[in-house]
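The structure under discussion appears below in the form of structure tokens.
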Amino acid sequence: MNGLTIEILNSEHYLQNFDCGNEDLNEFLKADALNNQNERLSVTRLVFADGHLAGFFTITPDTLHKGRVNISDKITDYPYEKYPAIKLARPAVDKAFQHKGIGRELLISFFATANFLSLKSGGRYLTVDAKSSAYGFYERFGFKPVISKRMEDIFPMYLDMYHIIDVAENRAL
């Protein structure tokens with residue numbers, strides 16, 4: 001999709017018209033995202049399509065237990081119980097922009113940002129808690145289910161950064 005820009009959330013952004021169809025996500029953006037950012041718990045990025053708020057995603061540090069990844073994704077001789085990870089948290093697309101490629105662009109932007117962060121501070125894996133309705137979307141991008149960690153309607157998933165480095169390095173932050 002053309003005309004996309006991404007900005008880090010700040011107090012000047014008008015968020016009240018955003019509606020992704022999920023009240024928890026809407027409320028997070030409008031009431032909690034900036035506070036979490038000010039507390040250095042996470043950073044939220046807004047996705048604009050031709051000047052209109054089309055979506056957002058939040059990035060936060062995470063860890064991934066070694067025993068929860070497939071054998072083919074394990075790091076040989078890693079001495080600690082948990083791998084450093086970067087989490088895609090609370091991604092959402094406004095109802096007016098759903099099914100128009102915004103989610104794909106949002107994810108690719110996350111890849112680019114996570115790659116940059118990984119180079120500066122570490123973080124080999126990407127994680128996301130996928131709703132059952134979004135499971136297939138993440139799977140198409142190479143995410144795998146975390147072993148033995150399913151919740152009711154949430155599927156924790158991970159992706160080894162090495163699988164997306166080429167995509168991430170060819171995108172601007």
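At least one cation-pi condition fails for Arg124 and Tyr83: the charged atom is not both under 6.0 angstrom from the six-membered ring centre and inside a 45 degree cone around its axis.
No side-chain heavy atom of His13 sits less than 4.5 Å from a side-chain heavy atom of Leu53. Looking at heavy atoms from C-beta onward, Leu46 lies in side-chain contact with Leu29 at the 4.5 angstrom threshold. Side-chain contact check for Phe141 versus Leu159: every heavy-atom pair is 4.5 Å or farther apart. You'll find the side chain of Asn36 stays beyond 4.5 Å of the side chain of Thr60, heavy atoms only. Residues Tyr135 and Met157 have side chains in contact (heavy-atom distance under 4.5 Å, counting atoms from C-beta outward). Put simply, the side chain of Leu34 reaches to within 4.5 Å of the side chain of Ser11, judged on heavy atoms. Between Val128 and Phe110 there is no side-chain heavy-atom pair separated by less than 4.5 Å.
With hydrophobic clusters built from ILVMFWY side chains whose heavy atoms lie under 4.5 angstrom apart, Leu126 does not share a cluster with Val43. The cluster map of Ile, Leu, Val, Met, Phe, Trp and Tyr, joined by side-chain heavy atoms under 4.5 Å apart, puts Phe155 and Leu107 in the same cluster. Note on Phe28: it does not cluster hydrophobically with Phe57, by side-chain heavy-atom contacts below 4.5 Å among ILVMFWY residues. Linking Ile, Leu, Val, Met, Phe, Trp and Tyr residues whenever their side-chain heavy atoms come within less than 4.5 Å places Phe116 and Ile86 in a single cluster. The hydrophobic clustering, which links ILVMFWY residues whose side-chain heavy atoms are closer than 4.5 Å, places Ile59 and Leu4 together.
Remark: Lys74 NZ is packed, more than 12 non-hydrogen atoms of other residues, nucleotides or ligands lying under 6.0 Å away. The environment of CD in Glu39 is sparse: at most 12 heavy-atom neighbours from other residues, nucleotides or ligands sit within 6.0 Å.
In this structure, Asn26 CG and Asp94 CG are separated by 8.0 Å, a value rounded to the nearest 0.5 Å. Here the straight-line distance linking atom CG of Leu64 with atom CD1 of Ile147 works out to 9.5 Å at 0.5 Å rounding. Between the OG1 atom of Thr44 and the CD atom of Glu7 there is a distance of 13.5 Å, given to the nearest 0.5 Å. Between atom SG of residue Cys20 and atom CZ of residue Phe97 there is a gap of 13.5 Å, rounded to the nearest 0.5 Å. Between Thr5 atom OG1 and Asp50 atom CG the span is 9.0 Å, to the nearest 0.5 Å. The NZ atom of Lys30 lies 7.5 Å from the CG atom of Asn17; values are rounded to the nearest 0.5 Å.
With respect to Lys144 and Asp160, no salt bridge is recorded, no charged nitrogen being found less than 4.0 Å from a carboxylate O.
Less than 6.0 angstrom separates the ring centroid of Phe18 from the ring centroid of Phe56.
Among the candidates Tyr138, Phe137, Tyr158, the single residue satisfying the ring-ring contact (aromatic ring centres under 6.0 Å, His included) test with Phe143 is Tyr138.
Nearest approach of Leu106 to Pro91, heavy atoms of both residues: CD2-CB, 3.8 Å. In this structure, Gly123 and Ser118 approach most closely via the heavy-atom pair O-OG, 2.9 Å. Across every non-hydrogen atom of Arg90 and Asp24, the tightest pair is NH1-O, 3.8 Å.
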Check your understanding: Yes or no on salt bridge (Lys or Arg N to Asp or Glu O under 4.0 Å) for Asp129 and Lys87, after CA distance, side-chain angles and deciding distance?
Key -> CA-CA 9 Å; Asp129 291 337; Lys87 185 172 201 142; 3.0 Å; yes
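For the pair Ser109 (side chain) and Glu105 (backbone), a donor-acceptor distance under 3.5 Å is absent. When atom types are taken as modelled, the side chain of Gln37 and the backbone of Leu9 share a donor-acceptor pair closer than 3.5 angstrom.
Asp73 and Tyr125 form no side-chain donor-acceptor contact under 3.5 Å, judged by distance and modelled atom types alone.
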